[in-house]
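For reference, the structure is listed below as structure tokens.
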There are 2 protein chains.
Amino acid sequence: MKILIIEDERELAQSIATYLTDENYRCEMAATYDDAISKIDIYSYDCILLDLMLPGGDGLKVLEELKRLQKQDGVIIISAKDSLEDKIAGLHTGADDYLAKPFHLSELGARIYSVIRRKQFGNSNILQVNELKIDIPAKKVMVSDKPVTLTKKEFDLLVFLIGNKNRVISKAALAEHLSGDMADMLDNHDFVYAHIKNLKKKLSEAGCTDYIKTAYGMGYKWEQ
Amino acid sequence: MKILIIEDERELAQSIATYLTDENYRCEMAATYDDAISKIDIYSYDCILLDLMLPGGDGLKVLEELKRLQKQDGVIIISAKDSLEDKIAGLHTGADDYLAKPFHLSELGARIYSVIRRKQFGNSNILQVNELKIDIPAKKVMVSDKPVTLTKKEFDLLVFLIGNKNRVISKAALAEHLSGDMADMLDNHDFVYAHIKNLKKKLSEAGCTDYIKTAYGMGYKWEQ
DNA sequence: TCAGCCCATGAAAATCCTCATCATAGAAGA
DNA sequence: TCTTCTATGATGAGGATTTTCATGGGCTGA
């Protein structure tokens, strides 16, 4: 489970990160608007903690960017004051929850858990792309109502590509997502080729072709 | 994020700076030993890139100076040769990571990211437990200075257990950590048994026993 | 003591990663 | 424009790792 903490007060961000790491989440941090935007452009998170008061730009624009990218990341706004306008604006722009500072870390933990759970078990967890249907909580894939059995990595790859549809994802980013390890950004990424190939093969055998495009020298893309 | 590049080859320093600036870091450069010392005396950096072969003084002395000043700056050594002695000396003197020339800029970027992140989370890079030594960036484990080869999951498990030493970790938490997937909190966790068993076996074959305790009905614990 | 759950273990199956080889896109130059 | 060259991607096979499964032993509470 990956969390992005968008927060410019370093001490707060760090104590949140420490707490969440203890709770077995993987955390990343962004301290500025630009940093936040570049991270959400590249990666996907299970939950994003968003401070609305950011140096370099309005936090609400981060929400708009998420929406524009059609990202499914859960978002919890953490705002300096319990401003009703902020709350309404935030929830309206696509946030999943709202938490006013100061808050207890355990409360934050509970909210995160609930956002992720809602995302996982809610109705929005079935992706449908023409003849392709993906039930994320159940980890099942159907093509024209016939089941296709994918391995865990293949399934992850598929969901990740679709979650970033029409955008090229670099091989390194795919490698990192699949291995869950930043260190693997460094080594060789041959295994990505293998998973792409196997996924393409299984999908096309089921009659679902031409979605995964190779962007030579850049990565792969789900095109729709 | 501020980076100090201590490197006398001007072209290399410049191309690193250009790359890192693109990645939204602020860069400063030092081309000589004296220049480096005066900069670290005055300023603090999120990460320092240190070439050990410097005109005017040994790069390791820069590390000693940092230590003397009790600075917390992260340090990545970029060494002309892939010399084991350099690595060991560097890491012992307080560097956070090392990188042998020539390297890809993206690799450097990943290491910087990881060093900064680790600093934020307060983790260190080499764990030592009596006869057991773990080099996290290199993913190497030694028992009484003899290498032990662990698989990725075994390594992850070991680091996670030690990172929570003297605390019982539930099987579900271990399962989630190893699989990187919250959904696996629900299913069966038999594979944890297998990894625990294999890790115990490899460690004890190397002469490192009795650290991993089973807490019946509750989980496992690294006891020290 | 005994029942019932929990863990340990070995082996087999499934999955994943690596490696060597081949194919192809894009770049560079004629 | 055509050819050649180089880096990148595709592919299949093999080995390594991970996960599952079945069986047996041990802990704990009644």
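Only heavy atoms go into these numbers, but all of them, side chains included; no hydrogens, no water, no symmetry mates. Numbers restart at 1 for each chain; the letters A, B, ... are given by sequence-line order, proteins then strands.
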Could you tell me whether the side chain of A/Lys71 reaches within less than 4.5 Å of the side chain of A/Ser44, counting heavy atoms only? yes
Only one of A/Ile77, A/Thr32, A/Val75, A/Ile48 clears side-chain contact (heavy atoms from CB on, under 4.5 Å) with A/Ile6; which? A/Ile48
For the residue pair B/Asn130 and B/Tyr211, confirm or rule out a side-chain donor-acceptor distance under 3.5 Å. yes
Using a heavy-atom cut-off of 4.0 Å to chain B, what are the terminal contacting nucleotides of DNA chain D, in 5' to 3' order? D/dT17 to D/dT28
Under 3.5 Å, is there a donor-acceptor pair between the side chain of B/Lys221 and the main chain of B/Ala215? no
Please list, by residue number, the residues of residues 204-212 of chain A whose heavy atoms come closer than 4.0 Å to an atom of DNA chain C; answer none if no residue qualifies. none
Any base atoms under 4.0 Å from A/Lys197, or only sugar-phosphate, or nothing? Heavy atoms, all strands. base
Would you say that more than 12 heavy atoms from the other residues, nucleotides or ligands in this model lie under 6.0 Å from the NZ of A/Lys171, or not? yes
Among A/His195, A/Lys202, A/Lys200, which residue satisfies the side chain to side chain donor-acceptor pair (under 3.5 Å) criterion with A/Glu154? A/Lys202
For B/Glu28 and B/Tyr45, which I'm curious about, is there any donor-acceptor pair between the side chains at under 3.5 Å? yes
Should we say atom CD of A/Gln128 is surrounded by more than 12 heavy atoms from elsewhere, each under 6.0 Å from it? yes
Heavy atoms of A/Ala17 and A/Met29 approach each other most closely as CB-CE, 3.7 Å
Where the side chain of B/Asp96 meets the backbone of B/Ile76, is there a donor-acceptor pair that is under 3.5 Å apart? no
DNA chain D: 5'-proximal contact among B/Asn198 and A/Tyr193 (nearest heavy atom): A/Tyr193
Span of DNA chain C engaged by chain A, first through last nucleotide within the 4.0 Å heavy-atom cut-off, is C/dT15 to C/dG26
Please figure out whether A/His195 or B/Ala194 has its closest DNA chain C nucleotide nearer the 5' end. B/Ala194
Which residue, B/Lys201 or B/Gly217, contacts DNA chain C at a nucleotide closer to its 5' end, judged by nearest heavy atom? B/Gly217
